[in-house]
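Beneath this line is the structure, given in structure tokens, with notes to follow.
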Amino acid sequence: MLEIEITGARLYYQVSGAGEPLLLIPGLGMDHTYYRLGVPLLSRSLQVFAVDPRGIGRSTKSTPPYTVEAWADDFAAMIDRLGLGPIHVLGSSLGGAMALAMAQRHPGKLKSLMVVGGFSELDRATELNFRLRLRLIQKLGMSDEVADYMGLWTLTRKFINSDAGFATMRANQANIRANSAEFYSAFVEALLKWGRCEGGQEQKPKFTTLLDSIRLPTLVVTSDNDHLIPKELSDLIAARIPGAKLVVVPGAGHIPFMEQPEEVVRIVLAFVKGR
């Protein structure tokens, strides 16, 4: 692992491969190992930077609150410090929201934008899901019950029922439980704030209204069996960003980089090489 200093924090990251640079931003509460199955495949063709966002993994644990926009600013600063820009940026789940914020706030840092299972707003059911997650953590902490709840929502039944899939779920749970209840709750609250779901945000326009200002080559990847962040939220992103390409991974859940890494890498590399 390498580290780089930005304002107020040190970010840890892993570099693999050679070629055009690609920044990978992980999902909610997880570190760079979120992409452990994809990095060996991506790094055959690209120079891959897999990062621990501020507050997660080995990166600086700044005092909450956190925001998606602040994480995006951190990654823009990281790109500057490394002298990499413009760079391909890919984010998954909450990392997809961070990538969207980067594209809107720092467009000159990005060569292309890739959003996997991401969201520019939340529907009612998704908001309820994350609010329930907060309440469970308040009552039970980062417990086995909370970990199983997260696992069941992010991976498909078929995948969990396989030995390899079950082992992947357990590894994810260990990664998430490395967060304290305080910090993980702060990350969920940042997600809700991004979705304009917090008190006092009733009149604030959703980020979706800003999507048409993004003028970057954009790939949006979703799965047809994602019950956490439904395909409709990816459809919305792809419809609003001019020229965005939408690809649906059949049979996968919320984290196709874990359930179908070869297929997602194929989609990503075809996009990067075909621009």
Using a distance-only test with no angle check, is there a side-chain donor-acceptor pair under 3.5 angstrom linking [X] and [Y]?
X: Gln173; Y: Arg170; value: yes
X: Arg10; Y: Thr60; value: no
X: Glu259; Y: Thr156; value: yes
X: Ser43; Y: Ser16; value: no

Whether [X] side chain and [Y] backbone form a donor-acceptor pair below 3.5 Å:
X: Gln104; Y: Leu100; result: no
X: Asp52; Y: His32; result: yes
X: Ser213; Y: Leu210; result: yes
X: Asp31; Y: Ile56; result: no
X: Thr209; Y: Pro205; result: no
X: Thr126; Y: Leu122; result: no
X: Tyr35; Y: Val51; result: no
X: Ser223; Y: Pro256; result: no
X: Ser92; Y: Gly95; result: no
X: Arg81; Y: Glu5; result: yes

Within a strict 4.5 Å, meaning less than it, do heavy atoms of the [X] and [Y] side chains meet?
X: Leu24; Y: Phe49; result: no
X: Val221; Y: Ser234; result: no
X: Phe166; Y: Phe159; result: no
X: Leu46; Y: Val272; result: yes
X: Leu23; Y: Leu90; result: no
X: Leu113; Y: Ile214; result: yes
X: Gln47; Y: Val15; result: yes
X: Met258; Y: Arg36; result: yes

From [X] atom [atom1] to [Y] atom [atom2], the distance as rounded to the nearest 0.5 Å:
X: Leu37; Y: Thr168; atom1: CG; atom2: OG1; result: 5.5 Å
X: Gln201; Y: Lys206; atom1: CD; atom2: NZ; result: 9.0 Å
X: Ile255; Y: Asn172; atom1: CD1; atom2: CG; result: 5.5 Å
X: Ile137; Y: Tyr149; atom1: CD1; atom2: OH; result: 10.0 Å

Is [X] salt-bridged to [Y], going by a charged N under 4.0 Å from an acidic O?
X: Lys231; Y: Asp226; result: no
X: Arg105; Y: Glu69; result: no
X: Arg131; Y: Glu198; result: yes
X: Glu127; Y: Arg124; result: no

### Message
Applying salt bridge (charged side-chain N to carboxylate O under 4.0 Å, His left out) to Asp74 and Arg54, what does each step give before you reach the verdict?
### Response
CA-CA 8 Å; Asp74 281 350; Arg54 187 192 296 243; 2.8 Å; yes
Tell me whether [X] shares a hydrophobic cluster with [Y], the cluster being built from Ile, Leu, Val, Met, Phe, Trp, Tyr side chains joined at under 4.5 Å.
X: Val39; Y: Met1; value: no
X: Leu22; Y: Tyr12; value: no
X: Leu84; Y: Met114; value: yes

### Task
Would you please test Arg44 and Glu262 for salt bridge (charged side-chain N to carboxylate O under 4.0 Å, His left out) and show each step?
CA-CA 12 Å; Arg44 296 173 186 171; Glu262 295 87 357; over 6 Å; no
### Message
Is there a side-chain hydrogen bond (donor to acceptor under 3.5 Å, both in side chains) between His254 and Asn225? Walk through the geometry before answering.
### Response
CA-CA 7 Å; His254 182 56; Asn225 200 15; over 6 Å; no
### Task
Carefully, step by step, assess Tyr184 and Arg177 under the rule side-chain hydrogen bond (donor to acceptor under 3.5 Å, both in side chains).
CA-CA 9 Å; Tyr184 192 85; Arg177 291 177 70 184; over 6 Å; no
### Task
Run the numbers on Glu20 and Lys111 for salt bridge (charged side-chain N to carboxylate O under 4.0 Å, His left out), then give the verdict.
CA-CA 10 Å; Glu20 293 187 54; Lys111 195 168 190 177; 3.0 Å; yes
### Task
Assign the ring pair Phe187 / Tyr66 to parallel, tilted or perpendicular, where the plane angle (0 to 90°) is split at 30° and 60°.
perpendicular
### Message
Looking at every heavy atom in both Asn179 and Gly55, which two are closest together, and how far apart are they?
### Response
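Looks like OD1-O, 4.2 Å.
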### Task
Let me see the working for Glu182 and Ser180 under side-chain hydrogen bond (donor to acceptor under 3.5 Å, both in side chains), right down to the final yes or no.
CA-CA 5 Å; Glu182 175 194 7; Ser180 69; 4.7 Å; no
